[in-house]
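Only heavy atoms go into these numbers, but all of them, side chains included; no hydrogens, no water, no symmetry mates. Source: prediction; values computed, not measured.
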Amino acid sequence: VKGFPLVVVLVSSQVATVTEYGAFIKIPGCRKQGLVHKTHMSSCRVDKPSEIVDVGDKVWVKLIGKEMKDDKLKLSLSMKVVNQGTGKDLDPNNISLDQDERKKRTFRDYTSQKITLEAVLNTVCKKCGCKGHFAKECFMQPGGTKYSLIPEEEEEEVAAAGYERDKKTSMVDEPPKKRKK
């Protein structure tokens, strides 16, 4: 069993014991048992493994992992990647197993972390003289274009109201023009 390679191993096995977290499966031809965790029993969510399998049931399993821990070999098995009727491997390239691992690794709980905005509003760049950034963040080239923050909405409304007033007074002075279609 020490030289047990991690290759595609599909076996029809018997369930030895059922626990709340999975089922231990007898490996034929040796005294070892492997664990089918409840997440690897079915593609659907499994809350109670005892609802899926019973002791003595024949199931098809695939070896998906092995680990040496305290000089003991622990085998991880999966039922969901094997057709339970025919024993055919449903995931020959281990794509769904890789996706499961990726999902486990990428999930992080950010609910306890506070979001802090580090925006700097009332600053003036000493390099270019524009508002909204520091000199160390300035990209101005000597003699280049200056960039600054867009004015607030209130300032825009006041400026737009003044522009509309100026536009109305200038329209009174000018005769109407004909538009070309």
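A heavy-atom distance below 4.5 Å is found between the side chains of Val59 and Val15. Counting heavy atoms from C-beta on, the side chains of Ile64 and Asn94 never come closer than 4.5 Å. Between Pro49 and Met41, some side-chain heavy-atom pair lies under the 4.5 Å cut-off. Residues Asp91 and Leu97 are in side-chain contact: their nearest non-hydrogen atoms beyond the backbone lie under 4.5 Å apart.
Here salt bridge (charged side-chain N to carboxylate O under 4.0 Å, His left out) pairs that include residues 70-83, with residues two or more places apart or in two chains, are Lys80-Asp100.
Considering every non-hydrogen atom in both Ser13 and Val61, the closest pair reads OG-CG2, 3.9 Å. Leu35 and Tyr21 get closest at one heavy-atom pair: CD1-CE1, 4.0 Å. When every heavy atom of Val53 is checked against every heavy atom of Ala23, the shortest pair comes out as CG2-CB, 3.9 Å.
Looking at residues two or more places apart in sequence or on another chain, you find no salt bridge (charged side-chain N to carboxylate O under 4.0 Å, His left out) involving Lys38.
From Leu90, atom CG reaches atom OG of Ser43 across 9.5 Å, with rounding to the nearest 0.5 Å. Atom NZ in Lys66 sits 8.5 Å away from atom CG in Leu75 (nearest 0.5 Å). Annotation: the span from Lys58 atom NZ to Ile25 atom CD1 amounts to 11.0 Å, rounded to 0.5 Å. Rounding to the nearest 0.5 Å gives a distance of 11.5 Å between CD of Glu51 and OG of Ser42. Atom CD of Glu20 is separated from atom NZ of Lys48 by 11.0 Å, given to the nearest 0.5 angstrom. For the atom pair CG (Leu73) and NZ (Lys32), the distance works out to 5.0 Å, reported to the nearest 0.5 Å.
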Q: Let me see the working for Lys88 and Val82 under side-chain contact (heavy atoms from CB on, under 4.5 Å), right down to the final yes or no.
A: CA-CA 6 Å; Lys88 183 181 178 199; Val82 182; over 6 Å; no
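Placement of Ile95 and Met79 in two distinct hydrophobic clusters is found when ILVMFWY residues are connected by side-chain heavy-atom separations under 4.5 Å, directly or transitively. Each of Val18 and Phe24 belongs to its own hydrophobic cluster when Ile, Leu, Val, Met, Phe, Trp and Tyr are linked at side-chain heavy-atom distances under 4.5 angstrom.
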